[in-house]
Amino acid sequence: MKTFDGFDITYIFLAYILPYLESDPKQLNTGSIKKENKTTKYLFKIFDAAHKEGNIEILFKPTGKQENPIRSQILSLAQKSAIHQKSVHAKKLAQQLYEATDERSGTGLFVIIQGEKERVTRIVLLRFKGDEGLYNNGKKLLIDYIPEVFTKKSNHYKLTYYEDILSEKSFWKGYAIDKQLGGLSQKPISLFWIDKFLQSQTALTPSQGTMQFSRIIKSMLNKTNDISEQEQIITGV
């Protein structure tokens, strides 16, 4: 399977995620796609556009040993060649997302896509809003009703991607976008996706740093009506 931008897709994993209840844990419904179809055509467009859409830089939060369990699973998944080996790590990632999902986040479809182009490996993680009724249809495997999930071709999703030449030092930095947040939200991306699931934090970009600095200066100027004091602040800056 190959995308329009020339990435060879080596793995597509799917898991249906319900809100987690410690008193009533569910068995995850998972599957993988091995042949091109209408769903892959839709997903490949998102995969190709990830490097343009992902405009929020995120960094994994290291543990005391300079490691991060989520990064380790993503890196291990990327390094494995056999589908069943990749699935071991993909299911652990899905379980982590499941345990981080509450009623506010709701049900969702979790997708992992791995692609390779020359020496570069790209991993894209996606979360679409889902229909709980599909999960409750126990007669079907997840892979059987994927077309139903994408019937509306929803463009509202959370996306994170990592792209690097594979090594033990790869994937510490990624990029994300959250298209599920409302326009009135003050947060660029949901904390449950970045903090609870990916165990990461947003990086402070130069433009964000400049904006934050400007807000501090404006706050200082607003605290005084004395022109001379305001001029001293501006001169100091």
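Both backbone and side-chain heavy atoms feed into the values below; hydrogens, waters and symmetry mates do not.
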Who passes side-chain contact (heavy atoms from CB on, under 4.5 Å) against S81, sequence neighbours left out? Q85
Any donor-acceptor N/O pair, R71 side chain to S170 backbone, under 3.5 Å: yes
Donor-acceptor contact present, side-chain D178 to main-chain K158, <3.5 Å: no
Kindly state each residue pair satisfying ring pair (Phe, Tyr, Trp, His ring centres under 6.0 Å) with at least one member in residues 55-80, sequence neighbours excluded. F60-Y162
Among residues at least two apart in sequence or on other chains, which ones pass side-chain contact (heavy atoms from CB on, under 4.5 Å) with E168? L75, Q79
Just jot down the ring-ring contact (aromatic ring centres under 6.0 Å, His included) partners of F197, sequence neighbours excluded, or say none. F110, W193
ring-ring contact (aromatic ring centres under 6.0 Å, His included) partners of F13, counting only residues at least two apart: none
Carboxylate-amine/guanidinium contact K196 E99, below 4.0 Å: no
N/O donor-acceptor pair under 3.5 Å between D48 side chain and F4 backbone: yes
Please round to the nearest 0.5 Å and tell me the distance separating atom CD1 of I112 and atom CD1 of I74. 7.5 Å
If a pair satisfies salt bridge (Lys or Arg N to Asp or Glu O under 4.0 Å) and one of its residues is in residues 85-98, list it, with sequence neighbours excluded. none
Would you say S72 and E67 are linked by a side-chain donor-acceptor pair, where the criterion is simply a distance under 3.5 Å? yes
Distance, nearest 0.5 Å, that separates CD1 of I123 from CD1 of I113: 9.5 Å
Nearest 0.5 angstrom please: L93 CG to S87 OG, how far? 11.0 Å
Mind checking side-chain contact (heavy atoms from CB on, under 4.5 Å) for S76 and listing every partner two or more places apart, or none if nothing turns up? K80, H89
Within residues 2-25 or reaching into it, pairs that qualify as salt bridge (Lys or Arg N to Asp or Glu O under 4.0 Å) - sequence neighbours excluded: K2-D8, D24-K26
When you measure from the side chain of R119 to the backbone N and O of L166, does any donor-acceptor pair fall under 3.5 Å? no
Between D195 and K61, does any NZ, NE, NH1 or NH2 come within less than 4.0 Å of an OD or OE carboxylate oxygen? yes
pair K129-T107: side-chain heavy atoms closer than 4.5 Å: no
With salt bridge (Lys or Arg N to Asp or Glu O under 4.0 Å) as the rule and sequence neighbours excluded, what pairs involving residues 101-117 come up? D102-R104
Taking only residues two or more places apart in sequence or in another chain, which ones pass side-chain contact (heavy atoms from CB on, under 4.5 Å) with T40? M1, I12, I33, E36, N37, F44
List in chain and number order the residues that pass ring-ring contact (aromatic ring centres under 6.0 Å, His included) with F192, two or more places apart in sequence or in another chain; answer none if no residue qualifies. none
What's the spacing between L59 CG and L198 CG if we round to 0.5 Å? 12.0 Å
Check whether any side-chain N or O of T160 sits under 3.5 Å from a backbone N or O of L125 as a donor-acceptor pair, and report yes or no. no
Any pair with a residue in residues 9-18 that passes salt bridge (Lys or Arg N to Asp or Glu O under 4.0 Å), sequence neighbours left out, goes on the list, sorted by first then second residue, please. none
